[in-house]
Amino acid sequence: MRHICSHCRLTSPDGNLWCQEVDCPAGSLPLLFKYGDYLGNLKILELMRVLKTATIYKVERGIDKEREVLILKVANPGAENEAYLRNEAEALRTISMASRDKHPALPNWHPHMAVNGQDAYGIATSGEQTRYFFLMDYIEGEFLTDSLLDNAQPWHEDVGWFMLSLSEAIIRIEKITERLHLNVNPDMVLVRRNNAGVPQPVLLDVGLLFPTGKQLPATEAQALQHHLMAAYTPTELIRGGTLTPTADVYALGLILYEMLAGKPAYPYTLRRTEDIYDEIQQVSPVLRRTDLPVSPRRGRKGAKSSAEGVDGLLDIVQRAVRHDHPKRYNNVAEFRTALLNLYGEVPDKRRFDMNVFFSDVRRVAVYSMVGLLVLFVLSILISAITH
């Protein structure tokens with residue numbers, strides 16, 4: 001195994017070399033599994049991501065034809081991280097079982113088969129350490145942070161559809177759990193391509209899960225910052241305040257900004273957390289692009305038929321990321337509606353659209369009736385001619 005710093009991502013084979021930053025989390029760094037290691041009956045295949053609270057792996061379980069490939073999420077050291085993971089596992093199980101209609105932007109919880117089988121999370125021992133984990137169905141993809149290194153500014157239409165699906169995932173989490181996410185950032189979003197070739201998100205973290213309206217004291221906010229990626233932290237979680245859905249809108253807006261600007265709204269690499277927080281509270285990012293759409297995309301299902309009452313993409317970004325905007329979105333549903341009005345529904349050949357289905361049924365029925373009528377008329381004409 002080896003250690004990794006969850007702040008700067010530097011690794012230490014012997015556990016003695018720490019990050020040179022003042023706020024380095026030395027002494028609580030996660031031990032990383034390598035290929036071939038086991039956690040219980042799970043064989044590690046690949047390290048996928050190290051988050052602030054947990055580490056994500058690709059694993060397999062079983063032998064020969066019974067093998068299944070899964071995503072494993074293991075809590076990083078610390079009681080706070082273990083509590084975060086336990087809450088997340090319970091919430092994801094609830095979300096996965098709430099409806100047969102699975103949303104493609106949310107992973108599916110998978111039974112862990114550990115000794116505590118009644119729990120959504122598993123417990124296993126590795127190297128005399130108790131490790132808390134849970135499993136998800138495997139999804140092939142690339143993390144958004146890495147994807148943006150290859151293509152810092154994706155095509156705006158792909159960005160719009162990407163954010164449309166990501167906002168739908170947040171809405172579903174908020175609706176089923178009756179809690180806010182409060183921890184959305186590019187490190188926990190996987191990018192895949194759907195059956196129509198459109199880049200789509202899969203959110204691999206369910207978040208802090210705090211209720212709307214909770215009064216968050218500054219001291220409690222400071223304690224929660226251990227779980228957060230500083231550059232995507234809403235001000236309510238910096239200085240305390242009332243938690244509302246606008247916090248999730250703000251985080252989504254920062255991701256939208258980054259994909260359109262080609263850089264984060266608040267640079268964070270090797271910067272002190274305090275400096276980032278100071279900038280967030282003092283400066284609202286401003287996107288400067290003149291090539292973004294201001295009217296609905298014609299012919300797109302779900303998009304508005306006219307530009308009346310429709311926000312252009314630049315307006316959507318600014319309304320989401322500026323705390324002092326007079327017309328900021330009150331919740332993620334309003335943010336999603338603005339994107340839907342502009343771009344329409346996400347193209348996906350796998351989506352079963354009931355309206356299209358019944359439209360096709362009606363069309364087939366009409367064609368069949370016309371065909372039968374033509375055959376009836378022809379049979380009468382033929383009968384008249386032959387007689």
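Just so it is clear, the structure is predicted and the values come from calculations on it, not from any experiment. The first residue in the sequence is number 1, and the count goes up from there.
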Nearest atoms (heavy-atom pairs only) where [X] meets [Y]:
{"X": "K52", "Y": "N76", "result": "O-ND2, 3.4 Å"}
{"X": "L254", "Y": "A231", "result": "CD1-O, 3.6 Å"}
{"X": "P245", "Y": "V332", "result": "O-CG2, 4.4 Å"}
{"X": "L39", "Y": "F133", "result": "CD2-CD2, 3.9 Å"}
{"X": "L85", "Y": "A75", "result": "CD1-N, 3.4 Å"}
{"X": "Y121", "Y": "H112", "result": "O-NE2, 2.9 Å"}

Intermediate values then yes/no, side chain to side chain contact (heavy atoms under 4.5 Å, CB included), L208 and H181:
CA-CA 6 Å; L208 290 173; H181 190 288; over 6 Å; no
If hydrophobic clusters are built from ILVMFWY residues whose side chains come within less than 4.5 Å, do [X] and [Y] share one?
{"X": "L182", "Y": "I173", "result": "no"}
{"X": "V317", "Y": "L144", "result": "yes"}
{"X": "Y250", "Y": "I238", "result": "yes"}
{"X": "I176", "Y": "F210", "result": "no"}

Residues in salt bridge (Lys or Arg N to Asp or Glu O under 4.0 Å) with K214, at least two apart?
E220
Do you see a donor-acceptor pair shorter than 3.5 Å between the side chains of E80 and H226?
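On atom types as modelled, these side chains do not qualify, holding no pair under 3.5 Å.
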Regarding D37 and Y57, do their side chains bring together a donor and an acceptor under 3.5 Å, going by distance alone?
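Judged by distance alone, the side chains do not pair up.
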How would you list all residue pairs meeting salt bridge (charged side-chain N to carboxylate O under 4.0 Å, His left out) that involve residues 280-297, not counting sequence neighbours?
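Only E157-R297, R289-D291 qualify under salt bridge (charged side-chain N to carboxylate O under 4.0 Å, His left out).
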Which is it for R300 and W161 under the side chain to side chain contact (heavy atoms under 4.5 Å, CB included) test, yes or no, and what are the steps along the way?
CA-CA 12 Å; R300 297 289 165 79; W161 284 327; 3.4 Å; yes
Electrostatic pair D278:R272 at N-O distance under 4.0 angstrom:
no
Is a salt bridge present between R192 and E140, judged by a nitrogen-to-oxygen distance below 4.0 Å?
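Not counted as a salt bridge, because no side-chain N and carboxylate O are separated by less than 4.0 Å.
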I need the L252 CG to T246 OG1 distance, nearest 0.5 Å.
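One finds 11.5 Å between CG of L252 and OG1 of T246.
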Rounded to the nearest 0.5 Å, how far does CZ of F162 lie from OG of S167?
11.0 Å
Given side chain to side chain contact (heavy atoms under 4.5 Å, CB included), test R319 with F335 step by step and report yes or no.
CA-CA 9 Å; R319 287 183 64 177; F335 176 76; over 6 Å; no
Does E128, at its CD atom, have more than 12 non-hydrogen atoms belonging to other residues, nucleotides or ligands within less than 6.0 Å?
no
Test side chain to side chain contact (heavy atoms under 4.5 Å, CB included) on L47 and T55 and set out the steps.
CA-CA 8 Å; L47 169 67; T55 305; 3.3 Å; yes
Y84 and D205: CA distance, side-chain angles, deciding distance, side-chain hydrogen bond (donor to acceptor under 3.5 Å, both in side chains) verdict
CA-CA 10 Å; Y84 187 109; D205 193 290; 2.6 Å; yes
